Structure formats: C-alpha cells, structure tokens
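Structure first, commentary second.
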Amino acid sequence: MPDTATDAGASASWRALGTLVQLVVAEPAALPEARRLLESDLAEVDAACSRFRADSEIRALRGGQQQVSPLLAEAIAVALRAARLTDGDVDPTVGAAMSAVGYDRDFEKIEPNGPPLRLTVRKVPGWQQVRLDGRSLTLPAGVRLDLGATAKAWAADRSAARITASLGCGVLVSLGGDIAVAGRAPDGGWRIRVQDVTGPPGDPPAGLYALIAIRDGGLATSSTAARRWQRGGDVLHHILDPRTGLPAEPVWRTVSVSAGSCADANAASTAAVIRGHRAPGWLTRLGLPARLVDSTGAVFTVAGWPDNSEPDNSGPDNSEAAQN
C-alpha cells in the first residue's frame, strides 16, 4: 500500500503478523526510517512469538526449565501480567485449546466452513503453572503457549516508544486495531475511528463507528465478529474462555478500551469479551473508558468514554481501531 503525506503528518500501511499495520508519524520526513524500524521490530516479534511458524522460538519450547531470548521473555512477561490483572481471563496457556477449535494456522489459511468438530469443555492448564525468572522459563509438560491475546498490543507499545526515542517525533502504531501512541501528539490529539469492521482510515466507515482522540497511551478493540469460522453448525471465534477452552459467549460484538498502554487496553478489552454481562461494571470499577457493542448493535459506554464521539467530518482520521 502506498505511503501518504499531509500537513498533519505522513502514514504508511501494509500487512504483517497476519494483520493490517498502520504507521503515522507527525513529521513526514521521518516516515521512511520509522517504517524501517517498525518492519524490523515486527519481523523480530514474528520470529520469536508466532504460533504458526515452524521455525519460531515459541514453537521450540518444551516442558521443563529452559532459557529464552530477551524478546520472548519480555513477551511472556507481558502475557503473564495480563493474566494476573484480569484474574486469568487472558491466559497464555490456551495454545492447545486454540488448535482444538480450529485456529491452528494463520487466519487467512483457515477454511471459513468445515466439517463438525468435537468440542469438549476443558479448562486450560492455567497461567499460574508458568514460571518466568528473568530469561529462565519453566513450563509444565504439554503446555503450549499462545501469545496472540497480548503480543500485538505489546509490539505496538514497544515500537511506538522505540520510534519516538530514535526519531524524536510523535508516532501512532496500529496493529490490527491495537493502537499505541508516543511522543508529541498533533493538535487535537490522534484522531481514531472506532468501528466494528476494520479498514483503512481513508475509506468510508462500514457500520457503527465513533470518533475519538487520544494523546498518549493506547487503545484496543477486541471482537467476536472479525476472526470467525464455522465447523458444522457451530460458529467459532478466536477469543477463548480459559475456564472452558471454548469461544467466549458472544455477548459483545466489539469492546474498545483506552488505557495507559496498548497492552493494558487490549488485556481489558479481551477480558471484557470473556466476562460478558459483567464487563461494564468491571471496566467502570477499573476506571477504564470503554465502548461496548452488543450482539444486536446496541452501544454502551462506561468510565468517561466521550459522549460526543458520534461521527463528524471535521478532519481526517489518523487511524482506525477495529479488530481484524
């Protein structure tokens, strides 16, 4: 996809980590180097964390104690922190359960329709069984880690901070709707279109959407409607409830959360999907601004999500926040 520049900055978009990447910098001259840094970062994250690459570091993990790279150790630490903060709703030990429901390859390679699966309620091993001390990782035999619920958001935070530190400009990094910003924001903040259907910010919105602006931290959207496939009569999606090992009940079609980092926002939005009807009260108690869209399309906002976020046409969007 071509790079673009405006008076408000410059942007580029492409695909990596199986999702849409969007990069926006406040200084147009910084875009080529910012893109180089981001592409390098994402390649390193993919090599360390991808569950779908036979040569990835995470695929080589076995039961017992082992040394891991600093990058994988950081990614696992973020996943364990998310598990702790969400009381286990976001659990990195769902790897085997993900494969059991059919998510065992890049999403683009999953057949949208297929024969029935024998789905069994089975609690996942549990994040408390994973021990990480620096670079020393201990896993129980048979446990397969899946960092899909946290790695993209962490990668967005990591790269946004690195680009700002290297180039000294404001930056927005979006990885499939997981958005991190760093450095000086544009006047009025980074404008983000929050919607159910992902797409380039320059395209007309499809379905329900809202416009908000953030100046720091991150924003994440989790969805039960984007990564879906059907096996027999069962419609499945990629957000699993660790207590059952099965896709969470689709009470919410999308949940968008703003927080101090993209990793924290994504942990909260994913946990909210899993918590179902209990999510609004939980997010309110945490003080995390959020927008929840239920299965009928009704919109609920909590904890100070802007009441005036209805669509307007006052300027271009910097990014979009729809999970894909």
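Computed from a predicted model, the values in this text were never measured in an experiment. We count residues from 1, following the sequence as given.
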Counting C-beta onward and ignoring hydrogens, is there a side-chain heavy-atom pair between [X] and [Y] closer than 4.5 Å?
| X | Y | result |
| --- | --- | --- |
| Trp252 | Ile239 | no |
| Leu38 | Val171 | no |
| Thr86 | Thr270 | no |
| Cys169 | Arg184 | no |
| Leu80 | Pro92 | yes |
| Val90 | Leu85 | no |

Mark yes or no for whether [X], through its side chain, and [Y], through its backbone, hold a donor-acceptor pair below 3.5 Å.
| X | Y | answer |
| --- | --- | --- |
| Arg135 | Val68 | yes |
| Asn266 | Ala149 | yes |
| Asp157 | Cys262 | yes |
| Ser261 | Gly217 | no |
| Thr284 | Pro280 | yes |

If you round to the nearest 0.5 Å, how far is [atom2] of [Y] from [atom1] of [X]?
| X | Y | atom1 | atom2 | result |
| --- | --- | --- | --- | --- |
| Trp14 | Arg35 | CH2 | CZ | 5.0 Å |
| Cys49 | Glu74 | SG | CD | 9.5 Å |
| Thr138 | Gln66 | OG1 | CD | 7.5 Å |
| Leu31 | Leu167 | CG | CG | 10.0 Å |
| Arg84 | Gln128 | CZ | CD | 11.5 Å |
| Leu283 | Thr301 | CG | OG1 | 11.5 Å |

Given Asp241, Leu240, Leu246, the one that forms side-chain contact (heavy atoms from CB on, under 4.5 Å) with Arg243
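For Arg243, the side-chain contact (heavy atoms from CB on, under 4.5 Å) test succeeds with only one of Asp241, Leu240, Leu246, which is Asp241.
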Ignoring hydrogens, what is the shortest heavy-atom contact between [X] and [Y]? Give both atom names and the distance.
| X | Y | answer |
| --- | --- | --- |
| Ala265 | Ala259 | N-CB, 3.6 Å |
| Ala30 | Val25 | C-CG2, 4.4 Å |
| Ala26 | Trp190 | N-CH2, 4.2 Å |
| Leu288 | Ser258 | CD2-O, 3.8 Å |
| Pro242 | Gly88 | CG-O, 3.3 Å |
| Ser136 | Gln65 | OG-NE2, 2.8 Å |

Can [X] and [Y] be counted as having a side-chain donor-acceptor contact under 3.5 angstrom?
| X | Y | value |
| --- | --- | --- |
| Ser50 | Ser56 | no |
| Gln129 | Thr93 | no |
| Ser11 | Gln22 | no |

Treating Ile, Leu, Val, Met, Phe, Trp and Tyr as nodes and any side-chain heavy-atom pair under 4.5 angstrom as an edge, say whether [X] and [Y] lie in one connected cluster.
| X | Y | result |
| --- | --- | --- |
| Val257 | Val251 | yes |
| Trp127 | Leu145 | yes |
| Phe300 | Trp282 | yes |
| Val143 | Val94 | no |
| Val78 | Ile58 | no |

Any chance you could lay out the side chain to side chain donor-acceptor pair (under 3.5 Å) test for Glu33 and Ser166, step after step, and finish with the verdict?
CA-CA 9 Å; Glu33 179 62 10; Ser166 297; over 6 Å; no
With a 6.0 Å cut-off (strictly less than), is the heavy-atom count around CG of Asp187, excluding the residue itself, greater than 12?
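Atom CG in Asp187 is not crowded, with 12 or fewer foreign heavy atoms closer than 6.0 Å.
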Could you check Asp178 against Trp154 for side-chain contact (heavy atoms from CB on, under 4.5 Å), going step by step and ending with a plain yes or no?
CA-CA 9 Å; Asp178 291 341; Trp154 158 71; over 6 Å; no
With side-chain contact (heavy atoms from CB on, under 4.5 Å) as the criterion, how do Leu20 and Arg15 come out once you've worked through the C-alpha distance, each side chain's angles and the decisive distance to 0.1 Å?
CA-CA 5 Å; Leu20 177 65; Arg15 294 193 69 82; 4.1 Å; yes
Which residues share a salt bridge (Lys or Arg N to Asp or Glu O under 4.0 Å) with Asp41, sequence neighbours left out
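For Asp41, the residues satisfying salt bridge (Lys or Arg N to Asp or Glu O under 4.0 Å) (neighbours in sequence not counted) are Arg158, Arg162.
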Enumerate the salt bridge (charged side-chain N to carboxylate O under 4.0 Å, His left out) contacts for residues 256-277, please, sequence neighbours excluded, ordered by first and then second residue.
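Qualifying pairs, neighbours excluded: Arg81-Asp264, Asp87-Arg275, Asp89-Arg275.
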